[in-house]
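Please read the structure below before turning to the comments.
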Amino acid sequence: MSTIVRILIMLILKATFVMLQDAKAHDITVNISGLDSDEGKILIGLYDSEDKFLSKRFKNAIGIINEEKSTITFKDVPKGVYAISFIHDENDNGKMDTNFMGIPKEDYGCSNNAKGFMGPPKWEDAKFELKADKTIHITL
């Protein structure tokens with residue numbers, strides 16, 4: 001009888017440990033390179049669903065630029081599917097500047113180096129799965 005109790009306790013402890021590991025949050029580090037200049041700042045958003053992509057950020061951050069590169073880390077992000085987008089707010093006005101046709105005048109990019117055709121990139125092209133700490137490289 002005591003052997004059965006010990007086995008049950010070990011199974012319960014192991015299951016609890018596995019559940020706690022799955023609930024652990026992770027970090028996403030984003031390395032952006034190839035920017036036009038060191039002027040301004042990076043405005044970056046992390047999105048957690050297709051219907052919110054490019055409209056409602058799950059998390060956001062502001063990054064500094066050094067040697068035409070920037071690194072930003074999102075901490076304590078739960079496992080899931082995400083996408084990232086950023087703009088290089090070169091003139092520090094808090095928004096993406098566009099020309100009269102709506103074409104961006106400032107650098108921008110997305111995870112997986114996703115590019116849009118006649119419009120913004122699509123969720124399907126920018127999404128990635130987070131299961132552990134992750135580093136994303138975006139090159140312009």
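Because the structure is a prediction, the values reported are computed rather than measured.
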### Query
Where is the tightest heavy-atom contact between Thr135 and His137, given as atom of each residue plus distance?
CG2-NE2, 3.6 Å

### Query
Which pairs pass side-chain hydrogen bond (donor to acceptor under 3.5 Å, both in side chains) with one or both residues in residues 32-42, sequence neighbours excluded?
Ser37-Glu90, Lys41-Asp92

### Message
More than 12 heavy atoms of other residues, nucleotides or ligands under 6.0 Å from CG of Leu140: yes or no?
### Response
yes

### Message
Rounded at 0.5 Å granularity, tell me how far NZ in Lys24 sits from CG in Asp76.
### Response
8.5 Å

### Task
State plainly whether one hydrophobic cluster holds both Ile84 and Phe58, where clusters connect Ile, Leu, Val, Met, Phe, Trp and Tyr through side-chain heavy atoms under 4.5 angstrom apart.
yes

### Query
Which pairs, with at least one residue in residues 56-72 and sequence neighbours excluded, count as a side-chain hydrogen bond (donor to acceptor under 3.5 Å, both in side chains)?
Asn31-Thr71

### Query
Are Ile42 and Ile62 close enough, and set up right, to give a side chain to side chain contact (heavy atoms under 4.5 Å, CB included), and what steps lead you there?
CA-CA 6 Å; Ile42 296 294; Ile62 298 173; over 6 Å; no

### Query
Quick one: CE on Met96 to CG on Asp89, what's the gap to the nearest 0.5 Å?
9.5 Å

#### Entry: Shared hydrophobic cluster for Leu35 and Ile136 (ILVMFWY, side-chain gaps under 4.5 Å)
yes

### Task
Decide whether Ile32 and Leu43 are clustered together by the hydrophobic rule: side chain heavy atoms of Ile, Leu, Val, Met, Phe, Trp, Tyr closer than 4.5 Å, transitively.
no

### Task
Check the angle between the aromatic planes of Phe53 and Tyr47 and answer parallel, tilted or perpendicular using the 30° and 60° thresholds.
perpendicular

### Query
Can you tell if the side chain of Val81 reaches within under 4.5 Å of the side chain of Asp48, non-hydrogen atoms only?
no

## Note on the structure
Rounded to the nearest 0.5 angstrom, the CG-CZ distance for Leu130 and Phe128 is 6.5 Å

### Closest approach of Ala126 to Cys110 (non-hydrogen atoms, all atoms of both residues)
CB-CB, 4.2 Å

### Nearest-0.5 Å distance, CD1 of residue Ile44 to OG1 of residue Thr73
9.5 Å

### Message
Show me the pairs that pass side-chain hydrogen bond (donor to acceptor under 3.5 Å, both in side chains) and involve residues 100-124, at least two apart or across chains.
### Response
Glu124-Lys127

### Query
Atom CG in Leu46, atom OG in Ser85: separation rounded to 0.5 Å?
9.5 Å

### Query
Is the backbone of Lys131 close enough, under 3.5 Å, to the side chain of His26 for a donor and an acceptor to pair up by distance?
yes

### Message
Working note: Ile138 + Val30, criterion side chain to side chain contact (heavy atoms under 4.5 Å, CB included); need CA distance, chi angles, decisive distance, verdict.
### Response
CA-CA 7 Å; Ile138 303 173; Val30 184; 4.0 Å; yes

## Note on the structure
Value for CG (Asp133) from CG (Asp27), rounded to nearest 0.5 Å, stands at 5.0 Å

